[in-house]
Amino acid sequence: MSFMRLVFGAVTCWGLLVSGLAPAAEPLTDAQKEAVKTLVREVLRDNPELVYEALQALEAKQQAEQTQRSQKMIAASRASLERDPADPVLGNPQGDVTIVEFFDYRCPYCKQAAETVAKVVKADGKVRLVLKEYPILGPQSVQASLAALAAQRQGKYEEMHDALMAQRGPLDEKAIEKIAGEVKLDMARFKADLDKPDLKQRLQAVLLQGREIGASGTPAFIIGDKMIPGAVDAETLKAAIAEARARKS
């Protein structure tokens, strides 16, 4: 017998009877209330797997609701997600499909996905890749994102982005300065730009945007109307691109 019949039914009937909403001739006595409680306890004791089933059902319901909320927010925010002039764009700037990626340089899953995303975008040839600096893993993440945005002002965002993604050690000030030197940035300008308030304001705007659409972790990809969380594989990415392209045709 299902959990709905055994437990939810018993608890629901009990609640209705106690509240007087059920068509009972008389309210339950204390003894009857205790009998219902005992029945529910016995059902759960004899069928403990029903609790797990209920938790699974609740999780699925919550995920479905979150997906619906995210889709609504993505639709409402599409212009700022895909066409904000402040965002770095890789791939084909005139591409017919846009991938938006929220990422953190200290996120191992972002690093894992980076090569896959780059290969798929390059092989397709008609995809815009919009990168959203989303530093949610602490102060070093923030410093790395600020460094990438400072490099953008020197026309070297892609080189800095790739180098930061390739870094497997810490991303403290010393490491970031070393990477900036290897990318051949103007170091005086780079250091000055790191302290400019508009870069920090930019990060705050993206952090707010990510929270609004439900990007609870990194990486998070927006392709068409869908959000794909986590390190995506090539086949999933290609399928999402094909689906988004088909909807436009």
Side-chain angles (χ1 to χ4, degrees), residues 59-60 62-137 141 144-145 148-149 151-152 157-168 206-207 209-249:
E59 183 178 4
Q62 290 174 334
Q63 287 178 344
E65 290 172 349
Q66 178 59 51
T67 297
Q68 288 184 334
R69 285 194 296 269
S70 293
Q71 288 176 339
K72 288 181 181 178
M73 291 304 301
I74 288 168
S77 308
R78 186 169 303 284
S80 60
L81 282 169
E82 296 186 353
R83 300 288 173 177
D84 191 322
D87 288 329
V89 178
L90 304 184
N92 183 345
Q94 284 75 48
D96 63 341
V97 172
T98 298
I99 297 175
V100 179
E101 179 184 359
F102 287 81
F103 69 93
D104 185 310
Y105 288 112
R106 293 184 62 238
C107 167
Y109 302 106
C110 298
K111 293 180 184 292
Q112 178 183 332
E115 185 177 352
T116 298
V117 173
K119 286 181 178 179
V120 170
V121 169
K122 183 177 180 180
D124 185 284
K126 295 185 292 182
V127 173
R128 298 174 67 248
L129 176 60
V130 176
L131 294 174
K132 299 279 189 179
E133 301 283 342
Y134 199 53
I136 60 175
L137 298 177
S141 297
S145 286
L149 294 178
Q152 184 183 14
Y157 178 86
E158 185 170 3
E159 295 93 324
M160 190 68 173
H161 172 79
D162 290 345
L164 289 167
M165 276 296 180
Q167 172 72 2
R168 291 299 184 264
V206 175
L207 285 168
Q209 185 179 52
R211 294 189 189 108
E212 286 179 342
I213 65 168
S216 58
T218 55
F221 299 91
I222 311 297
I223 307 174
D225 297 325
K226 290 184 176 181
M227 177 185 293
I228 305 175
V232 65
D233 60 73
E235 294 309 311
T236 299
L237 202 56
K238 290 176 184 177
I241 292 169
E243 182 179 344
R245 186 168 283 145
R247 288 188 176 185
K248 289 189 171 186
S249 61

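What you see is a predicted model; the values in this text were computed from it and never measured.
Listed here is the closest heavy atom pair of Asp233 and Thr116: C-CG2, 4.0 Å. The two residues Phe221 and Gly230 make their nearest non-hydrogen contact at CE1-O, 3.4 Å. Across Val97 and Ala244, no two heavy atoms sit closer than the pair CG1-CB, 4.1 Å. Shortest non-hydrogen contact noted between Glu101 and Pro219 is OE2-CB, 3.9 Å. When all heavy atoms of Lys111 and Gln167 are compared, the closest pair comes out as NZ-O, 2.8 Å. Across every non-hydrogen atom of Gly91 and Pro93, the tightest pair is O-CD, 3.3 Å.
Side-chain contact check for Pro88 versus His161: every heavy-atom pair is 4.5 Å or farther apart. Taking the side chain as every heavy atom from C-beta outward, Pro135 and Leu207 approach each other to under 4.5 Å. Using a 4.5 Å heavy-atom cutoff, the side chains of Arg83 and Thr98 are in contact. Side chains of Gln112 and Tyr109 form a contact here, defined as non-hydrogen atoms less than 4.5 Å apart. In this structure, Val130 and Leu81 have side chains that are not in contact, with every pair of non-hydrogen atoms separated by 4.5 Å or more. The shortest side-chain heavy-atom distance between Asp225 and Arg247 falls under the 4.5 Å cut-off.
Separating the CZ atom in Phe102 from the CZ atom in Arg211 is a distance of 11.0 Å, to the nearest 0.5 Å. We find the CZ-OG1 distance between Phe103 and Thr218 to be 9.5 Å, quoted to the nearest 0.5 Å. With rounding to the nearest 0.5 Å, the separation of CD in Gln94 from CZ in Arg128 is 8.5 Å. For the atom pair Met160 CE and Ser145 OG, the distance stands at 10.5 Å (nearest 0.5 Å). Atom OG1 of Thr236 sits about 10.0 Å away from atom NZ of Lys226, to the nearest 0.5 Å. Distance CD/Glu243 to CD1/Ile223: 9.5 Å, rounded to 0.5 Å.
Lys248 places a side-chain N or O within donor-acceptor distance of the main-chain N or O of Asp96, the cut-off being under 3.5 Å.
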>> If you apply the rule side chain to side chain contact (heavy atoms under 4.5 Å, CB included), what do you find for Val121 with Leu90, and how did you get there?
In response: CA-CA 9 Å; Val121 169; Leu90 304 184; over 6 Å; no

> Please walk me through it: do Val120 and Val127 pass side chain to side chain contact (heavy atoms under 4.5 Å, CB included)?
Replying inline: CA-CA 9 Å; Val120 170; Val127 173; over 6 Å; no

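With a 6.0 Å radius and a threshold of 12 heavy atoms from other residues, nucleotides or ligands, Glu115 has its CD atom at or below the threshold.
Comment: Lys238 does not engage Asp124 in a salt bridge, judged by the lack of any side-chain N to carboxylate O separation of less than 4.0 angstrom.
Checking Glu212 against Ser77 by side-chain atom types alone, no donor-acceptor pair falls below 3.5 Å. Counted by atom type alone, Glu133 and Tyr105 present one or more donor-acceptor pairs between their side chains at under 3.5 Å.
Checked options Ile99, Ile228, Ile213; the residue passing with Ile222 is Ile213 (criterion: side-chain contact (heavy atoms from CB on, under 4.5 Å)).
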